[in-house]
Amino acid sequence: MVAQGFTVDLNKPLVFQVGHLGEEYEEWVHQPIVSKEGPRFFESDFWEFLTRTVWWAIPVIWLPVVCWCISKSVRMGHTPFEMALMVGFGIFVWTLLEYSLHRFLFHIKTKSYWGNTLHYLLHGCHHKHPMDGLRLVFPPAATAVLCVLFWNLIQLLATTSTAPALFGGGLLGYVMYDCTHYYLHHGQPSSGVSKNLKKYHLNHHFRIQNMGFGITSSLWDKIFGTLPPVKVVEKSR
């Protein structure tokens with residue numbers, strides 16, 4: 001954990017330390033510390049509180065919003081079949097967004113002080129401490145800001161009556177993603193799709209971090225050529 005004479009002290013708040021790692025940050029952040037007790041990020045108790053989120057807060061906060069959005073399109077006269085198509089399309093678009101964010105933003109390479117610091121806050125902390133149960137889902141305050149941006153974008157691209165259902169479907173996809181992500185780290189599936197997804201995701205964390213960017217499925221990894229080699233996945237079993 002030494003780079004250019006700098007050592008990260010894991011017993012002190014980490015956020016404003018990791019930037020000093022410079023070019024060595026990429027290697028450091030991908031050497032995971034497997035512990036359910038996460039590190040402290042900030043000296044301030046207020047900012048520290050904002051970085052911690054229990055997983056069940058995601059469905060509790062956002063599913064009512066999903067229901068309200070869907071009901072709004074229903075009240076505007078759309079049939080159940082049309083609603084299913086729009087919500088399903090919203091979920092489908094979310095899976096592409098999930099993959100794209102994970103691959104191109106969450107795994108962007110940085111070496112500057114503020115680049116490293118921001119990356120650590122965004123996703124690096126998750127790779128360094130992958131079992132930190134209070135930092136596995138996105139903080140609601142940050143999600144709310146993104147929701148405003150995406151809602152305005154969808155309003156530009158869709159009609160007045162379809163926009164709520166499309167947004168609700170995308171938001172439902174996000175809720176499914178965050179809950180699935182938590183389960184893949186802390187659940188113990190014994191068989192089936194969930195067991196394979198867990199192996200697939202942990203392979204991304206502990207063996208080949210530059211592939212396997214899908215969380216809820218491997219569809220986009222297959223399409224865009226970032227599916228891990230079969231032998232690597234088999235070794236993780």
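FYI, side chains are in, hydrogens and waters are out, and symmetry mates aren't considered; it's all heavy atoms of this structure.
- Placement of Ile215 and Ile223 in two distinct hydrophobic clusters is found when ILVMFWY residues are connected by side-chain heavy-atom separations under 4.5 Å, directly or transitively.
- With hydrogens and angles disregarded, no donor-acceptor distance shorter than 3.5 Å links the side chain of Ser218 to the backbone of Asp221.
- Rounding to the nearest 0.5 angstrom, the gap separating the CZ atom in Phe138 from the OG1 atom in Thr53 is 9.5 Å.
- Under the 3.5 Å distance criterion, the side-chain polar atoms of Thr95 are matched with a main-chain donor or acceptor of Phe92.
- A donor-acceptor contact shorter than 3.5 Å is absent between the side chain of Lys111 and the backbone of Glu24.
- Gln31 places a side-chain heavy atom less than 4.5 Å from the side chain of Lys128.
- For Ser73 (side chain) and Ser161 (main-chain N/O), a donor-acceptor pair under 3.5 Å exists by modelled atom type.
- Across Gly225 and Met211, no two heavy atoms sit closer than the pair O-CE, 3.9 Å.
- Using modelled atom types, no side-chain atom of Lys198 and backbone atom of Gln188 make a donor-acceptor pair closer than 3.5 Å.
- In the displayed structure, Phe89 atom CZ is contacted under 6.0 Å by at most 12 heavy atoms of other residues, nucleotides or ligands.
- Minimum heavy-atom separation, Leu172 to Val66: N-CG2, 3.7 Å.
- Although no hydrogens or angles enter the test, the distance criterion places a donor-acceptor pair under 3.5 Å between the side chain of Asn152 and the main chain of Val148.
- Nearest heavy atoms, Leu136 versus Pro130: CD2-O, 4.0 Å.
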TODO: Please assess Asp178 against Tyr182 for the test side-chain hydrogen bond (donor to acceptor under 3.5 Å, both in side chains), listing each intermediate value before the final yes or no.
DONE: CA-CA 6 Å; Asp178 244 353; Tyr182 185 90; over 6 Å; no
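- A distance of 12.0 Å separates CD1 in Ile108 from CG in Leu101, rounded to the nearest 0.5 Å.
- Residues Ile61 and Pro140 share a closest heavy-atom pair of CD1-CG, 3.6 Å.
- Contact record, Ala165 with Met83: CB-CE, 3.7 Å, taken as the closest heavy-atom pair.
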request  = Under the side chain to side chain contact (heavy atoms under 4.5 Å, CB included) rule, what do Leu50 and Trp47 come out as? Steps first, then yes or no, please.
outcome  = CA-CA 5 Å; Leu50 291 181; Trp47 291 110; 3.8 Å; yes
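- Lys72 is linked by a side chain to side chain contact (heavy atoms under 4.5 Å, CB included) to Trp68, Arg75, Met76, Pro164, counting only residues two or more places apart in sequence or in another chain.
- Under a 3.5 Å cut-off, the side chain of Asn116 and the backbone N or O of Gly22 do form a donor-acceptor pair.
- Residues Ile154 and Leu149 are members of one and the same hydrophobic cluster, defined by side-chain heavy-atom contacts under 4.5 angstrom among Ile, Leu, Val, Met, Phe, Trp and Tyr.
- Using cut-offs of 30° and 60° on the angle between ring planes, the pair Trp114 and Phe16 is perpendicular.
- Tyr25 and His119 have perpendicular rings, their planes meeting at more than 60° on a 0 to 90° scale where under 30° would count as parallel.
- Classification of Arg135 and Glu48 as a salt-bridged pair holds, one side-chain N sitting under 4.0 Å from a carboxylate O.
- One distance of note links CG of Leu227 with CG of Leu219; it measures 10.5 Å at 0.5 Å rounding.
- In this structure a side-chain-to-backbone donor-acceptor pair under 3.5 Å is present from His102 to Phe213.
- Note on ring orientation: taking the six-membered ring where Trp is involved, the planes of Trp28 and Tyr120 are tilted (angle from 30° to 60°).
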| Passes side chain to side chain contact (heavy atoms under 4.5 Å, CB included), Leu184 versus Leu202? Steps please. | CA-CA 8 Å; Leu184 296 183; Leu202 295 186; over 6 Å; no
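- Summarising the geometry, atom CG belonging to Leu171 is positioned 8.0 Å from atom CG belonging to Leu63; distances are rounded to the nearest 0.5 Å.
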| message | Under the criterion side chain to side chain contact (heavy atoms under 4.5 Å, CB included), I'd like the reasoning laid out for Thr162 against His78: C-alpha separation, chi angles, the key distance, then a yes or no. | response | CA-CA 8 Å; Thr162 61; His78 286 285; 3.8 Å; yes
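- Taking the six-membered ring for Trp, Tyr183 and Trp56 have ring centres at least 6.0 Å apart.
- No donor-acceptor pair under 3.5 Å is formed between the side chain of Glu26 and the backbone N or O of Lys109.
- Not a single donor-acceptor pair under 3.5 Å links the side chain of Glu98 to the backbone N or O of Tyr177.
- Of all heavy-atom pairs between Pro39 and Leu14, the closest is CB-CD1, 3.6 Å.
- For the ring pair (Phe, Tyr, Trp, His ring centres under 6.0 Å) criterion with His123, the lone passing option out of His107, His129, His205, His181 is His107.
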- Query: Yes or no on side chain to side chain contact (heavy atoms under 4.5 Å, CB included) for Leu10 and Ile33, after CA distance, side-chain angles and deciding distance?
  - Reply: CA-CA 11 Å; Leu10 295 174; Ile33 297 174; 3.6 Å; yes
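- Between Phe224 and Tyr99, the ring centre distance stays below 6.0 Å.
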